[in-house]
Amino acid sequence: MADSTQPLTFGLRLGAGAAATFVLALTLGTLGAVLARAGSFAALGPADWAALRFTVTQATVSAALSLALAIPVARALARRRFAGRGALITLLGAPFILPVIVAVMGILGLFGRAGLLNDGLAALGFDRISIYGFGGVVLAHVFFNLPLAVRLLLQGWLAIPAERFRLAAALGFGPSDVARHLERPMLRAVAPGIFVTIFLICLTSFAVALTLGGGPKATTVELAIYQAFRFDFDPGRAAHLASLQLALCAVTALVAARITVPSAFGAGLDRPVARRDAGGAGLRALDAGLLTLATLFLLAPLAAVFVSGLPRLAALPEAVWRAAFRSVLVAIGSTALTVALALPLALAIARRGRARMLETVGMLPLATSSLVTGTGLFLLLRPVASPGDLALPVTVAVNAAMALPFVLRALIPAARDLEADYGRLALSLGLSGTARLRFLTLPRLRRPLGFAAGLTAALSMGDLGVIALFADADHATLPLQLYRLMGAYRMADAAGAAVLLLALSLGLFWIFDRGGRADAGA
Amino acid sequence: MLVLEKIVITQDDFRLTADFAVAKGARVAVIGPSGAGKSTLLSVISGFFPAASGRVLWDGRDISRLPPGQRPLSILFQDQNLFPHLTVAQNVGLGLRPNLRLSAVETARVGEALARAGLGGLGERRPGTLSGGQQSRVALARVLLRARPLMLLDEPFSALGPALKAEMLDLVAEIAAETGATVLMVSHDPDDARRFSSETIVVAEGRAAPPEPTGALLDNPPPALAAYLGT
């Protein structure tokens, strides 16, 4: 069928243009402010170089470890079918919307100074070990990124056509033959992309370094920006560090652009492939053991948070509830803003055959760090308002921009389908403007919109990034309040707040996602 | 009268020309090998694909630059003629007002059109709950209601069995007679062409030929059509 790309309507052009301008201002605009302030790299001292080294080392080790551990787990998931397999795959997606600080609480509950591991060591007469520093940062990053790596690898496994495995069975391949002829070539193709994805996440991760790192030996560039800002009151130094972080992200993003980077939400992960090559009892026991360990590694920290936090929930101080209320408002605000940005962008991208520019703009926040954006906003807005007053609006804007790439990834394919399936019919009936939005776009995009909104709300609810730069005691969000409780060693209250934060994040995700599914009709 | 004036359609190395008129009220089949450009020809008339040169005229007025929804025609595609998330009545109502703000009189007209298409009482259903034949009837009810003077059918009934297809063509004929519409129907089936259309346009070898009487054309086909028909 000879299809033509239809011209964009005025409203869509306006909406997409405004959204793109907003994102550009928030990413490249703040960047310009930072660079203008930073001047040259000459002023970087030994501490800054140490931060750079630590950042790159921990990101490399975290990414390598996540990937290496994920390979046997993904292989086990790919070749086994068992009750609860679907639930386990869903669970592997959960860390994406899990507030970082909650996971850190859980990790401390297990591996921290007063955690189960150290209690065990002490009971056996060993010295207690500390996980603060390099080890803790890497452990937390593996906790978050191992599941992501497993999901992405599983996509790779399922992308091997079932016919290949049938052929392998017909030729009498054993597990090592399958590994050699089918699995290793696949891994060589997908592993570099997964490594870079995780490396980039660890590069810009701030909350983990804030809570588990610190000190001269374990400070990331992001953390150094924060410290220059909060403790040294030195925006110039923060700007220097921010441009360093920027260079790091830019180089990584350039590398990533040369490698195919996988998308995080693949469809059809539940599809089992008949495998006849891995039936041995030893292999079966190995896979069962691996899957059990992986599940425990994911669930045990959360269980630790629940056990210590649930009883405290009712007795939480009022400040925590106030912070929770603020966080919910911030989450709803960012969600509304992200949807308002993403919808016109996705529709414009879908309607134009080639809209690489718009797509690139939408993905830009992936390569920017929220602390750099925050520093830039501070430098730009300092003349007009005080940081405390700006804390919540700035957090809403930055969270919205940071969630945008994920929201676009969920919306663009659906918007393309919508255009391909119903674009002609709508045009032939003259359906346009708000009528088209109401009777065609919103009903057809309801599911991905609900999912994307849930994702944004949960990410924003759990975010501990730019808010830490700006907020004073009166403007703290729940993650920041939780961080302060931990800093004051009020661990019981912190655990209670962690349970509350977890419930609110997952609850918001569930409500939005559910709203998208209800009464879908057709 | 529909006039295709020196139309040239190009897309990559595909090229199709058309230069002819179709009389008002005529029922014309468009027939030819697949890939010859039958659907593309309808896309140009309905405004989904721009011709490289030439004009489309209706009653002497150049409609080449109008957007699809404003052209004096209704088109039914091979599939996706209904919105699955809207009710049957809403799908039909869109033909009257795309914003669905229907007056009481208009709502009543939707009901009449549905009854006329044999869908009385099904207005609140979703298309997914109807059979294929019923779904075709919903789309035809909307065509009836829009009452545009030109009707383009791009094989909308090709998924239906022979008996249902004949039923639908009868309904199309009724609607066309009632609204006085000119009908252009893409078809793969010479029997459909014989039964439904007095004239036929052959699209083959880069050219859409002027309409000719169907019976004579099929009884004594030119070489390109003969190759396609296998006679």
Side-chain angles (χ1 to χ4, degrees), chain A residues 1-13 343 347-348 350-354 411 413-451 514-522, chain B residues 9-12 14 16 34-35 37-44 46-51 66-71 73-87 90-101 125-130 139 142-143 145-146 148 152 154-155:
Chain A
M1 162 75 213
D3 251 326
S4 66
T5 43
Q6 297 293 331
L8 299 186
T9 59
F10 177 71
L12 194 51
R13 205 182 282 263
L343 193 58
L347 292 175
R351 202 156 316 172
R352 284 267 179 88
R354 282 181 263 279
L411 280 185
R416 287 218 166 102
D417 287 350
L418 170 85
E419 195 56 37
D421 290 348
Y422 302 106
R424 284 186 313 171
L425 177 56
L427 270 175
S428 77
L429 294 173
L431 193 61
S432 63
T434 49
R436 184 181 167 119
L437 189 67
R438 191 170 147 214
F439 294 117
L440 177 59
T441 311
L442 292 181
R444 297 305 307 173
L445 292 185
R446 198 174 158 152
R447 250 167 185 256
L449 266 178
F451 172 74
R514 188 76 209 185
R517 284 161 195 267
D519 185 39
Chain B
I9 303 163
T10 54
Q11 191 184 24
D12 301 326
F14 171 84
L16 181 69
S34 56
K38 303 184 294 292
S39 288
T40 309
L41 184 67
L42 260 59
S43 287
V44 167
S46 54
F48 287 100
F49 190 79
L66 290 178
Q70 286 175 30
R71 298 196 178 198
L73 56 88
S74 286
I75 180 166
L76 291 187
F77 308 106
Q78 198 157 15
D79 47 23
Q80 313 286 21
N81 285 305
L82 302 175
F83 293 115
H85 54 279
L86 299 180
T87 64
Q90 282 177 315
N91 266 294
V92 174
L94 283 175
L96 280 181
R97 284 183 186 277
N99 65 12
L100 284 181
R101 293 206 187 98
R125 300 266 287 270
R126 295 262 169 93
T129 65
L130 304 181
R142 191 177 59 214
V143 171
L145 210 53
R146 292 185 94 210
R148 301 273 167 119
L152 306 180
D154 192 0
E155 301 191 77

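The chains referred to below are lettered A, B, ... by the order of the sequence lines, with proteins before strands, and numbering in each begins at 1. Quick note: numbers below take in every heavy atom, side chains included, and nothing from hydrogens, waters or symmetry partners.
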Open item on the list: For the CZ atom of B:R97 and the CG atom of A:L431, what is their distance to the nearest 0.5 Å?
Closed with: 14.0 Å
Task: chain A contact via B:R146 - side chain, backbone, both or neither, heavy atoms under 4.5 Å - done: side chain
- [ ] Could you check whether the rings of B:H85 and A:Y422 sit parallel, tilted or perpendicular, using 30° and 60° as the cut-offs?
- [x] perpendicular
Open item on the list: With rounding to the nearest 0.5 angstrom, report the CG to CD1 distance, A:L427 to B:I75.
Closed with: 11.5 Å
Task: Counterpart residues, side-chain hydrogen bond (donor to acceptor under 3.5 Å, both in side chains), relative to B:R148 (two or more places apart) - done: none
- [ ] Start with the C-alpha gap between B:Q80 and A:D421, add the side-chain angles, then the distance that decides, and say whether side chain to side chain contact (heavy atoms under 4.5 Å, CB included) holds.
- [x] CA-CA 6 Å; B:Q80 313 286 21; A:D421 290 348; 3.4 Å; yes
Task: Engaged part of B:L100 at the chain A interface, taking heavy atoms whose separation is under 4.5 Å - done: both
TODO: Compare every heavy atom of B:P98 with every heavy atom of A:A435, then report the nearest pair and how far apart it is.
DONE: CB-O, 3.4 Å
Task: Minimal non-hydrogen separation, A:L440 against B:F83, with atom names - done: CD1-CE2, 3.3 Å
Open item on the list: With a 4.5 angstrom heavy-atom cut-off, is it the side chain or the backbone of B:R142 that approaches chain A, or both, or neither?
Closed with: side chain
